[in-house]
Amino acid sequence: MATSALVTEQAPEFREALGDGGVLLGLDLGTKTIGTALCDARWTFATAGKTLPKGKYGRDRAALAELCAARSVKGVVIGLPLNMDGSAGPRVQASRAFARNLAQMSEQGLGLPVLLWDERWSTTSAERAMIDQDFSRAKRATRIDSHAAAIILQAAIDRLAGGMF
């Protein structure tokens with residue numbers, strides 16, 4: 001039976017699991033794509049990465065494993081798409097399942113700690129920022145998920161680095 005790394009919605013617990021910090025991978029799980037973002041090892045800034053086409057879990061995991069290995073990622077922050085009233089719907093369940101699978105210490109997972117982070121308004125914020133930067137509608141469509149992942153990750157590292165829990 002495969003063991004798992006930590007999966008939590010609590011920033012202090014995630015921070016403790018990481019020890020001295022390190023590069024984090026942020027994910028915005030869409031229905032058709034996975035937006036990625038990375039932060040520096042000191043948790044100062046998050047940068048939008050690639051937007052990956054979402055497919056079968058094994059292929060998605062392999063692409064994320066390659067990215068984690070290339071950047072020496074120590075933990076993953078996944079956006080948790082809560083409803084505006086804070087309740088959980090089907091997309092929340094899918095995100096939690098993805099997080100549990102990713103945290104597994106086996107060929108099916110990455111074996112990294114995972115923080116599930118409230119992502120309400122992240123896509124709206126990303127779209128507004130991209131409009132402000134004069135991105136065309138076509139560019140926004142292809143990059144929105146990775147920019148949303150950067151907003152999710154930046155909020156998480158601000159909490160982690162600032163110590164405000």
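Interatomic distance, CG of L110 versus CD of Q104, reported as 10.0 Å (0.5 Å rounding). Taken from SG in C39 to NZ in K74, the straight-line distance is 12.5 Å, to the nearest 0.5 Å. Rounded to the nearest 0.5 Å, atoms CG (L115) and CD1 (I157) are 12.0 Å apart. Taken to the nearest 0.5 Å, the CZ atom of R71 stands 13.5 Å off from the CD atom of E66. Distance check: D28 CG to S95 OG gives 8.5 Å after rounding to the nearest 0.5 Å. Between E119 atom CD and L27 atom CG the span is 10.5 Å, to the nearest 0.5 Å.
Contact between A37 and A149 at its shortest, heavy atoms only, is CB-C, 3.6 Å. Nearest approach of A5 to P113, heavy atoms of both residues: CB-N, 3.8 Å. G111 and M105 make their closest contact through CA-CG, 3.6 Å (heavy atoms, listed as atom of the first residue, atom of the second, distance).
Annotation for K54: atom NZ counts as buried by contact number, over 12 foreign heavy atoms lying within 6.0 Å.
E16 is linked by a side chain to side chain contact (heavy atoms under 4.5 Å, CB included) to nothing, counting only residues two or more places apart in sequence or in another chain. The side-chain hydrogen bond (donor to acceptor under 3.5 Å, both in side chains) check on R96 picks up E9, with sequence neighbours excluded. With sequence neighbours excluded, no residue satisfies ring pair (Phe, Tyr, Trp, His ring centres under 6.0 Å) with F45. In terms of the side-chain hydrogen bond (donor to acceptor under 3.5 Å, both in side chains) criterion, T47 has no residue partners (sequence neighbours excluded).
Using a 4.5 Å cut-off between side-chain heavy atoms of Ile, Leu, Val, Met, Phe, Trp and Tyr, with links allowed through other members, W117 and L6 fall into different hydrophobic clusters.
The side chain to side chain donor-acceptor pair (under 3.5 Å) analysis of residues 29-45, with sequence neighbours excluded, yields the pairs T33-D145, D40-T44. Each ring-ring contact (aromatic ring centres under 6.0 Å, His included) pair with one or both residues in residues 79-107, not counting sequence neighbours, appears once here: Y57-F98.
Residues V23 and V73 form a side-chain contact, since some pair of their non-hydrogen atoms from C-beta on lies under 4.5 Å apart. Side-chain contact between L160 and L24: present, with at least one pair of heavy atoms (C-beta onward) separated by less than 4.5 Å. The closest side-chain heavy-atom distance from I78 to L102 is below 4.5 Å. At least one side-chain heavy atom of P53 sits less than 4.5 Å from a side-chain heavy atom of R59. Using a 4.5 Å cut-off on side-chain heavy atoms (C-beta onward), V92 and L82 make contact. Side-chain contact between L52 and D60: absent, with no pair of heavy atoms (C-beta onward) separated by less than 4.5 Å. Residues L112 and L25 are not in side-chain contact: their nearest non-hydrogen atoms beyond the backbone lie 4.5 Å or more apart.
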